[in-house]
Trainee: 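Mind looking over this structure? Questions follow.
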There are 2 protein chains.
Amino acid sequence: MIRASENNEYYELTSPTSMPKASGFLWNDKMMIHVNCRGYVVAQFMQPEPAKYSYAPNLEAKTFMQPEQPYYAHHPGRFVFVKDEETGEVFSAPYEPVRVSTDHYTFCVGKNDIVWKVEHQGILIEMTLSLPKDEAMELWKVKVKNTSQRKRKLSIYPYFTVGYMSWMNQSGEYKKELQGIVCSAITPYQKYQDYEKIKNLKDKTFLLGDHEPLSWEVNQEAFEGEGGITLPSAIQQNELEKGDSRYEMPVAVFQYKLEMNQDEEKEYRFLFGAAKTEEEIANIRERYFLTKKETGFQDGFSLAQTEYANYVAEGQGCIQIKTPDADFDNFVNTWLPRQMYYHGSTNRLSTDPQTRNYLQDNMGMSYIKPQIARDAFLLALSQQKASGEMPDGIILHKDAELKYINQVPHTDHCVWLPICLSTYLDETNDYTILEEIVPFAGEAEEVATVSEHINRAMYWLINDRDERGLNYINQGDWCDPMNMVGYKGKGVSGWLTTASAYAFLIWADICEKNGQISSSKEFRQQADITNEVINKYLWDGEWYARGITDDNVVFGISKDKEGRIFLNSQGWALLSGAADETKKQSLLATVTEQLESPYGVEMLAPAYTAMREDVGRVTQKHPGSAENGSVYNHAAVFYIYSLYTVGETENAYRLLRKMIPGPDLNDILQRGQLPVFIPNYYRGAYKQIPRTAGRSSHLFNTGTVSWVYRCLIDGLFGIKGQKEGLRINPQLPSDWQEASVKRTFRGAELQIDMKRDETVSKIEVYVNNEMVEDGILKDLNSTEEYHVLVKIPLEG
Amino acid sequence: MIRASENNEYYELTSPTSMPKASGFLWNDKMMIHVNCRGYVVAQFMQPEPAKYSYAPNLEAKTFMQPEQPYYAHHPGRFVFVKDEETGEVFSAPYEPVRVSTDHYTFCVGKNDIVWKVEHQGILIEMTLSLPKDEAMELWKVKVKNTSQRKRKLSIYPYFTVGYMSWMNQSGEYKKELQGIVCSAITPYQKYQDYEKIKNLKDKTFLLGDHEPLSWEVNQEAFEGEGGITLPSAIQQNELEKGDSRYEMPVAVFQYKLEMNQDEEKEYRFLFGAAKTEEEIANIRERYFLTKKETGFQDGFSLAQTEYANYVAEGQGCIQIKTPDADFDNFVNTWLPRQMYYHGSTNRLSTDPQTRNYLQDNMGMSYIKPQIARDAFLLALSQQKASGEMPDGIILHKDAELKYINQVPHTDHCVWLPICLSTYLDETNDYTILEEIVPFAGEAEEVATVSEHINRAMYWLINDRDERGLNYINQGDWCDPMNMVGYKGKGVSGWLTTASAYAFLIWADICEKNGQISSSKEFRQQADITNEVINKYLWDGEWYARGITDDNVVFGISKDKEGRIFLNSQGWALLSGAADETKKQSLLATVTEQLESPYGVEMLAPAYTAMREDVGRVTQKHPGSAENGSVYNHAAVFYIYSLYTVGETENAYRLLRKMIPGPDLNDILQRGQLPVFIPNYYRGAYKQIPRTAGRSSHLFNTGTVSWVYRCLIDGLFGIKGQKEGLRINPQLPSDWQEASVKRTFRGAELQIDMKRDETVSKIEVYVNNEMVEDGILKDLNSTEEYHVLVKIPLEG
């Protein structure tokens, strides 16, 4: 029902109904497309804000990407109706909208394409979606094959939804000279000042075919007739009406009639996307469909597919693993770095990503394209205030502005600077970044080194505190933002105080390695002071409290009925060093007991069922919502990271494995997701609502993925960079007898084989057969290859 | 296929497919509901801004009411599935979503209820919708009757869509104690400041039944299964699953099983609406469904229906007519005052109606409830600036703010003050309103009489002009707002200059009647000056230009290829007196030739196909849109009014008759609308796009209706009030031999019979058999009844 393809290049689903929300996604420099197994699609492109060319059937709100995207009959999608011209029977590929249970069905999600193979009564339809690397356009191949034992007469109808383009203005018609349908709209505006913005938007939607259609329809209502979306009246006719759309809701449908001999195969290609003018569309047609013999430019469509495959292939991680768990390997080798690369190359299709997201997504790019991470850190710091405070979002485009949640002041952004930068330094050893001169935001035109920028960020955290030394929360911090804890200016965040301590520690390490010894001492001391404060005010007996409200009410504690324990407050106390051994054991046991579910570790418990007005819960994490009490993976992965940090190897792997979709089929089915990405959450509240616990959000935008990678590099495989070289210190789960990792590190290639060995009592590292006493591989030459053997004692 | 019911209380449609967008609407003090013949529904209630309790299946944009509302399979609606328990056959009433072509179908739109009668294979389903008078709730009766010759076993499933309540938070469950389904959501917010606003919203949707259901479903996806919306899997089972919804999209479905003897009938009642708490819902249940013997309060549901009928009945106009045209009579007697009353009592469900709309809608209330019109004029004037300038919208609620188009400065609002007030004065003779003391907006706390307020409005118009004496247009004026003509501060509006002249004239008349002779003289002089200016700069040879741009380009003239002639510039020149007899004849001929279509007179021609950047077209009237070049009824009715003003009787009636839906069946079908309201536009661009010309916008919010009434009172029947009394001066079309009007006027009841009479050469008026020389009925006693005979010569 779900399987990896033989070469691990695809994950395949063999039924459209077992996991109706299963999906894959593709992206390029200009767009993102989220494709559901049943044929529904959400595509957005940037101009510069996210826009669409295939719309809902009504006026949709403009909003950020949503979890648990609702589907419904007229949801945007790409389909092919197939009619047997002899019997009149109809089915549709891939499944919607006719919903015929076909003889065979496969939904194959690949790294750079997505393929359906649907066979019914001797007709095979193969639909392949790929993208060009830098245009807002879909490349579709539709292959039709006669697999029956006789000649067949068919009509096929590619049916691409256009939807309600505009409440003001929409129309569409077939253009013979383009061999395609062009639908036009005007983005609504009311203030004349906005006209300058909208007049250059790509408001046209086109569908071009490489074969001239027999007939077409551009009018959704005329196409459907009384047959409706599930059996359009128009395809029950011999030919489509060749209609147009005048303010009526447009659609793009072609009809091709085929007579096919046994085993005969025909291929059609389509381009579907956005453009500003018909000239632009004509140019697209020329580049993708027309052969230019004189330039040797033979097949623009295939060339674009190849270019795109190369584009995606640039998103390789720095490890290739082989472990006893093939599903795990497949995810780590193929899908995890792809998802990281998506984040790093698109910034979640936002022009103002949240600062913490932007830093963490680019932290992940340290493993893929460190130069991009470097540029991103410098850009983020150039928007820091001279006070050290970081803004809520990083502006990526001159016309961008802070939107949505970025208009709500959060106090945690500074902590991410050293935490994310440390990965870049570990991976690259490029300490020159610390000496880069970067301006501060504002009119004063002040500049400083990156070191000084981060010093100021740390001082800002040190100063933005109450008399007890606890960090103000204002209207929120990270991940489980409680928006009413501290809006009056008094409430504090336990987590943020702990995170500050951790940030001070990390920054102290970096300073030390960079020779800034007094700074290092100072921040280490600040970490100690902070940890003391945490233990004084926030330890509740068995775990750490989440915060203290404006009215001095401590919450996230044992006497609370809901929101009794918050995950983030616990793991970070391990990271910051606040928790001594006794506290550590206590909180570990508590997390297991109160927060662990079959689907992972929940972000808080018991889930809130009602608003607590002194605490508040913003946006999607509101009481009663899907995210409330969920296995929020971004929080969960930090907990796992903290477990690796304190050597809780088994515990860490167990929870890590739950986060990665698969291998348990029942789990996957409950999650409703293919193992091709980690979603931002799995539904939680397991004890209260077991029916829905475990379900995937299907939202692949999440800061989780770069931290999963850090868990692998810094924790599980223990192959983390340091100033001197590569430190080998794996923490394999005890039931793994061996594992191997191909590690790319600062230009060198290392083949690292890890094996249990009864002859050793502690980990022993050999490079090219020579033992390395401290386990740190120094003086690695870039471009060189190394063979590393790691002997691991039977226990531990 | 379309017919008035015998008592003219309903308009009936006998097929759900001939006019798939045909609709009716109901409203009360809290809500509005727009009901499509096939079962789709849009309902909005005020708290204070428009909100929903039955949502689209995705996250819809919040916007003002849209023309040509798109429908699609999962559009919100109210349906009843019917399953024959013996054969398993299923159909749905009224038509969607199963779309069975039933044996009988009627969609009956009434003044205070809407009824479907759907009969199929011996089962009659009668669905009746009404409202309470002051709650956000629908009252539904579903009657089931066995009309077959045998006993039947059925299941019926009332299916009320709830939809995607919130991207943050939605759930639903059946509550046994309420005998109903309660779905809960939390309106999304991000800024803690907004929490205070959202926390008191009625975010719950309930469906209560007066019979305990056998089973229920609250989960849309579980209900549909793979059967989908057109044949839900759940109703193919014996019983529904009694499921709940946890963040899943909610729905409200009940199942009732019935065994019915021949001719047996059962009735079910339902309440569907919005509430804040379950206590509130329990209270609703008690009031509507539970019998209270001790208070004699027997049947809250029926009582509410009666109260609502009384509420709607308060919206009587001041005339009841009988003419040779029964359809016309029906519309004028029943539907037209109802639509006026809707406007006057709801202000289009806006908390900040556009100033011109607010004044005109309340002008209509002068004929129904003059006190409301009076209060509205005073409220509007209290928001006037001391400079005389009127704001773009009138704030009706303390939390309201100017939204959408009201944030764009328009320059025409002042002209509507005297124009609308004159109707109130004509109808009531209440000149005391002119002496009311009203404040100006702003901190200065300045106050003045209404007279002075309007003087200042007139002076503002006189002063907001260029050196030629033409009125600046800024970013728009009325009806066909050209947003880029004058945004640089130089462009002028020809129409607005003309409208100012007309406003001066009207105000001069009022001043004269009020004894303010010098003011009267002054404004009459201003009208003359303005008319001269109009003729000097805007007469193009055969018609008047629309305006002159910032760069001094005159537009709306013969050399323009598109937008060559604008209707508003012509008719108003008749009203203002700018056009002399020669110009009048010329522009009348031109309008007929260039703007008249089979569906009415278009607002401009040729329709724009592309943006003209020095002119601009905002919002829905943008080039290529449905409204561009449409028969925009608000503009058309002014032209008709101007024709009556200059005695163009035949022409006027011909165009008036085209505006009112019916009686020609082909016209109605092309318009796609029942003759129960006048829409804001019929599609135009007849010469360019004949296929879609004539189609109704289906948007019943329009300033048209009160002007149609004025055309009847002031023009067609010539029964307009003046200071001295009622002036009788009909302008009947020549093919009418007689007509009679029952006129309520300042408390008196007049039975006015108009007859052609070959013995008279001019109109002669007789009251109680005595001739009235000047045709003005003076000294009418309120509460008294009069019989008036009007003899009209054969010609004219």
Side-chain angles (χ1 to χ4, degrees), chain A residues 17 20 56-63 66-68 70-75 99 101 164 166-171 184 186 188-192 195 199 221 226 228-230 246-249 404-405 407-408 475 483-484 487 611 613 616 618-620 622-626 628 683 689 691-692, chain B residues 17 20 56-63 66-68 70-75 99 101 164 166-171 184 186 188-192 195 199 221 226 228-230 246-249 404-405 407-408 475 483-484 487 611 616 618-626 628 683 689 691-692:
Chain A
T17 56
N58 58 4
L59 192 55
E60 265 193 308
K62 285 200 187 298
T63 180
Q66 300 281 333
E68 306 202 33
Y71 295 112
Y72 50 91
H74 280 86
H75 189 284
R99 294 190 174 186
S101 177
Y164 194 56
S166 162
W167 56 265
M168 182 169 77
N169 189 300
Q170 56 184 6
S171 62
S184 302
I186 294 174
Y189 75 103
Q190 293 193 310
K191 297 179 182 164
Y192 81 89
Y195 176 68
K199 69 186 269 198
E221 203 177 314
E226 292 301 325
I229 180 74
T230 57
R246 301 292 168 196
Y247 194 74
E248 296 131 320
M249 197 183 297
Y404 306 122
I405 197 71
Q407 295 177 349
V408 177
Q475 291 173 41
N483 63 335
M484 294 198 286
Y487 71 92
M611 192 70 163
E613 294 205 348
V618 291
T619 66
Q620 65 269 39
H622 206 281
S625 74
N628 172 36
R683 295 261 211 123
I689 318 174
R691 177 170 71 79
T692 57
Chain B
T17 56
N58 58 3
L59 192 55
E60 265 192 309
K62 286 200 187 298
T63 181
Q66 300 283 330
E68 307 202 33
Y71 295 110
Y72 49 92
H74 280 87
H75 189 284
R99 295 189 172 186
S101 177
Y164 193 55
S166 161
W167 56 266
M168 181 169 77
N169 190 301
Q170 56 184 5
S171 62
S184 302
I186 294 175
Y189 76 103
Q190 293 193 311
K191 297 179 182 163
Y192 81 88
Y195 176 68
K199 71 185 271 197
E221 202 176 314
E226 292 301 325
I229 180 75
T230 55
R246 301 292 168 195
Y247 193 73
E248 296 131 321
M249 197 184 295
Y404 306 122
I405 197 70
Q407 295 176 348
V408 176
Q475 290 173 43
N483 63 335
M484 295 198 288
Y487 70 93
M611 191 70 164
V618 292
T619 68
Q620 64 270 38
K621 300 186 187 83
H622 205 283
S625 73
N628 173 36
R683 296 262 210 121
I689 318 174
R691 177 171 70 79
T692 57

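Values in this document were obtained by computation on a predicted structure and should not be read as measured data.
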Trainee: Evaluate the ring planes of A:Y72 and B:Y72, with Trp represented by its six-membered ring, and classify them as parallel (under 30°), tilted (30 to 60°) or perpendicular (over 60°).
Mentor: tilted
Trainee: Within the 4.5 Å heavy-atom criterion, are A:L59 and B:E60 side-chain neighbours or not?
Mentor: no
Trainee: A:T63 versus chain B, heavy atoms under 4.5 Å apart: side chain, backbone, both or neither?
Mentor: side chain
Trainee: Relative to the ring of A:Y192, is the ring of B:Y487 parallel (under 30°), tilted (30 to 60°) or perpendicular (over 60°)?
Mentor: tilted
Trainee: Heavy-atom cut-off 4.5 Å, strictly under: side chain, backbone, both or neither for A:Y404 against chain B?
Mentor: both
Trainee: Who passes side-chain contact (heavy atoms from CB on, under 4.5 Å) against B:T692, sequence neighbours left out?
Mentor: A:R246, A:E248, B:R683, B:I689, B:R695
Trainee: Measuring from B:H75:NE2 to A:H74:NE2, what's the distance to the nearest 0.5 Å?
Mentor: 11.5 Å
Trainee: Examine whether an atom of A:E226 lies under 4.5 Å from a heavy atom of chain B, and if so say whether it belongs to the side chain, the backbone or both; otherwise answer neither.
Mentor: both
Trainee: Under 4.5 Å heavy-atom distance to chain B, tell me which part of A:K62 shows up: side chain, backbone, both or neither.
Mentor: neither
Trainee: Given the options A:A73, A:S101, A:S166, A:A61, which has more heavy-atom pairs under 4.5 Å with chain B than any of the others?
Mentor: A:A61
Trainee: Got A:Q190 and B:Q407 here, is their nearest side-chain heavy-atom distance under 4.5 Å?
Mentor: no
Trainee: If only side-chain N and O atoms count, and only distance matters, is there a donor-acceptor pair under 3.5 Å linking A:Y189 with B:N483?
Mentor: yes
